[in-house]
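Just so it is clear, the model here is predicted, and its values are computed rather than measured. Quick note on labels: first sequence line is chain A, next is B, and so on, each numbered from 1. These numbers come from the heavy atoms of this one structure, side chains and all, not from hydrogens, waters or symmetry mates.
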2 protein chains.
Amino acid sequence: MRHYQPEKYPPFAVTVDLVVLTIRADRLCALVVRRGERPYLGRWALAGGFVRPDEDLDTAARRELAEETGLPVGSVHLEQLASYGDPARDPRMRVVTVAYLALAPDLPSPRAGTDTVDAKWEPVTDLLGKPATLAFDHHRILGDGVERARSKLEYTPLATAFCPTEFTVAELRRVYELVWDTPIDPRNFHRKVTGVTGLLASTGHTTTRDGGRPAQLYRRGEATLLHPPMLR
Amino acid sequence: MRHYQPEKYPPFAVTVDLVVLTIRADRLCALVVRRGERPYLGRWALAGGFVRPDEDLDTAARRELAEETGLPVGSVHLEQLASYGDPARDPRMRVVTVAYLALAPDLPSPRAGTDTVDAKWEPVTDLLGKPATLAFDHHRILGDGVERARSKLEYTPLATAFCPTEFTVAELRRVYELVWDTPIDPRNFHRKVTGVTGLLASTGHTTTRDGGRPAQLYRRGEATLLHPPMLR
DNA sequence: CCAAAAGTGTTCTTACTACACCCATGG
DNA sequence: CCATGGGTGTAGTAAGAACACTTTTGG
C-alpha cells in the first residue's frame with residue numbers, strides 16, 4: 001500500500017453499516033447483530049465492519065452482508081444510504097461509516113458472523129420505538145434507512161425486492177401496507193399496479209396460497225421508475 | 001487525538017467535495033476550482049478538501065465552501081449527496097470522499113482559496129459534455145449532484161434556493177426551466193405554484209424588473225414538501 | 001350452499017394541459 | 001397607442017378515492 005502521511009491527511013477508519021430490511025411474519029423487520037467486541041460489547045447493532053485497504057465501498061457492503069449473516073446475497077437489493085462522521089460516534093477513534101440500505105425477501109434466519117455472537121430479525125417499530133437499543137448512532141441510521149425505503153416505494157418498483165421471485169398483487173400490496181403502515185384499498189391497488197407499464201410481468205401461473213379465488217402470479221418487470229408513481 | 005492502530009483499522013483519508021450549483025447569466029452553473037497541487041495540478045476540479053480530525057462532515061463541507069470560494073455561505077442550501085471510495089480514485093493514497101450538494105442564488109464571483117489558484121462558475125452542460133475536464137471522479141460526482149437537484153425540484157421547495165430572498169413567479173419558473181432543460185407554460189406554472197400551500201409567502205411588494213406588468217414578489221414559504229409535486 | 005379473496009365497473013373529484021383572454025406597466 | 005410580461009377562465013383529459021358488484025376457488 002502507498003505510504004501514509006498523517007501530517008497531511010488526518011487518519012480515519014472507514015466502515016460500512018447495513019440497514020437490512022425484510023418482511024417476516026407480517027412485520028417489517030431489520031437485521032441486528034449482537035456485538036462480540038468493545039465498545040458496546042453485548043449490545044445490538046447494525047451489521048457492518050471495516051472497509052479493507054483495496055476494496056470498493058459497494059464491495060465492502062456486500063461482503064459484510066454475506067459474512068456477518070451467512071445469508072444468500074444474490075437476490076438482495078443494495079444501495080448506498082448516507083455517511084455518518086460525527087467525531088464522537090465511536091469512542092475508539094475517528095470513524096466515518098458509509099451506511100447501505102438492503103432490501104431482501106423473506107430469508108432464512110441469519111447466523112452469527114466473525115465479530116458477532118448472535119443475529120436476528122427484529123421488527124422495525126420495536127427498534128425505532130426504543131432509541132437506546134442500538135449501539136453507536138445506529139438508531140439514527142436505521143431511521144434514515146426506513147425513511148429512504150418508504151419514499152423509494154413511491155416512485156420505483158423497489159417493493160418487489162421484498163417479494164419472492166413470483167408473487168401475487170396481494171402480496172405486493174401487503175409490502176406497501178407494512179412499510180408505509182397504512183391500509184390500502186385492494187381493488188384500486190390492483191388496478192393501479194397492473195396498469196403501470198413494466199412494473200409486473202405475467203408468468204401465466206396462479207396460486208391459491210392466500211385462499212379464495214386463485215390469484216395471478218407475477219415477476220417484477222423491467223421498469224426502473226414508476227409512471228405514474230404510487231402515492232402514500 | 002486517540003491513538004491510531006493501523007493493524008486493526010486500515011488508514012483512510014476522508015475528504016469532502018462540493019457540487020455547488022447556481023444560476024448565472026441564464027445558465028445552470030457549477031463551481032469549479034483550478035488545482036494548485038498534485039495530482040491533477042492545474043486541472044479544474046470540484047471544491048473540497050480534507051476533513052479535519054475533530055470536525056463533523058457537515059461542518060467540513062461548510063468550512064470548505066467558505067474557505068475555497070470566499071463566498072457568503074449563510075444563504076446556501078447544503079445537503080449530503082453520496083460517498084465515493086474507489087481504491088484507485090486518488091493516486092496518492094486511499095481516499096474516501098463525502099460529496100455534498102450546495103444550491104445558491106446568484107452570488108458574487110468566487111475567489112481562489114488556499115489550495116487553489118483560480119475559481120469560476122462554469123455552465124453545467126459544458127462540464128458534463130466533456131467528461132475529461134474535471135480531476136479525479138468529479139465528473140461522475142457532478143452528474144450525480146445535478147441529477148439529485150433535478151429530482152428534488154419535483155417534490156421539495158428547493159428551487160427557491162436558487163432565488164434571492166424576494167423573487168417573482170417568473171424567476172422561479174426560469175429556475176425550473178434551466179435545471180430541467182425543458183420549457184414550461186407560464187400560465188399553468190403560475191397557477192400551480194401559487195396554489196401549493198406553503199411554497200410561497202406573499203411580501204406585498206411588486207417589481208417591474210422583468211418588464212411588462214408588475215409582478216408580485218414572494219419569499220419562500222414554510223413548506224418542506226410539495227403537495228402536489230411539480231412534475232417534469 | 002357459504003366464506004374468502006381476486007378482479008371489474010362506475011361515479012365523483014382532483015389536478016394537469018392547452019390555450020383564449022384580460023390586466024398593468026414602460027416607452 | 002403598442003409591446004411585454006403578469007395573471008385568470010375554461011374546457012378536455014388523466015388519474016386517484018370510494019365502493020357496488022361479479023368471479024373463482026376451498027370447504
**Item:** Distance, nearest 0.5 Å, that separates CZ of Arg174(B) from CZ of Phe162(B)
**Value:** 13.5 Å
**Request:** Please state how far atom CG in Asn188(B) lies from atom C1' in dG6(D), giving the value in whole angstrom units.
**Result:** 14 Å
**Request:** If a pair satisfies ring-ring contact (aromatic ring centres under 6.0 Å, His included) and one of its residues is in residues 188-209 of chain A, list it, with sequence neighbours excluded.
**Result:** Tyr176(A)-Phe189(A)
**All pairs passing side chain to side chain donor-acceptor pair (under 3.5 Å) where residues 222-232 of chain A contributes a residue, at least two apart** = Glu154(A)-Arg232(A)
**Nucleotide dA14(D), atom P - distance to NZ of Lys192(A) in whole Å** = 15 Å
**Request:** For Phe189(B) and dC16(C), give me the distance from atom CZ to atom P, rounded to whole Å.
**Result:** 12 Å
**Prompt:** Using a cut-off of 4.0 Å on non-hydrogen atoms, how would the nucleic acid contact of Asp210(B) be classed: base, sugar-phosphate, or nothing?
**Reply:** sugar-phosphate
**Item:** Spacing of Ile184(A) atom CD1 relative to dA5(C) atom P, expressed in whole Å
**Value:** 17 Å
**Item:** Nearest-nucleotide 5' precedence on DNA chain C, Pro228(B) against Pro186(A)
**Value:** Pro186(A)
**Complete:** Here the distance between atom C1' of dC12(C) and atom CZ of Arg187(A), to the nearest Å, is 15 Å
**Prompt:** Do the non-hydrogen side-chain atoms of Pro228(A) and Lys192(A) ever get within less than 4.5 Å of each other?
**Reply:** yes
**Request:** Say whether Asp17(A) and Tyr84(A), considering side chains only, have a donor N or O and an acceptor N or O under 3.5 Å apart.
**Result:** no
**Request:** Quickly work out the Leu231(B) CG to dA14(D) C1' distance and round it to whole Å.
**Result:** 12 Å
**Request:** For the side chain of His190(A), starting at C-beta, report the closest nucleotide among dA15(C), dG7(C), dT25(D).
**Result:** dG7(C)
**Item:** Proximity to the side chain of Arg191(B) - top-ranked nucleotide from dG6(D), dA18(C), dC16(C)
**Value:** dA18(C)
**Message:** Tell me the interatomic distance from Gln216(A), atom CD, to dT24(D), atom C1', rounded to whole angstroms.
**Reply:** 12 Å
**Asked** Which nucleotide in the set dA6(C), dC19(D), dC16(C) lies at the smallest distance from any side-chain heavy atom of Asp185(A)?
**Response** dC19(D)
**Request:** Starting from the 5' end of DNA chain C, give me the residue, Pro214(B) or Arg232(B), whose nearest nucleotide shows up first.
**Result:** Arg232(B)
**Prompt:** If you check the Arg213(A) side chain, which of dT25(D), dC19(C), dA5(C) turns out closest?
**Reply:** dA5(C)
**Request:** Please state how far atom NE2 in His205(B) lies from atom P in dG6(D), giving the value in whole angstrom units.
**Result:** 19 Å
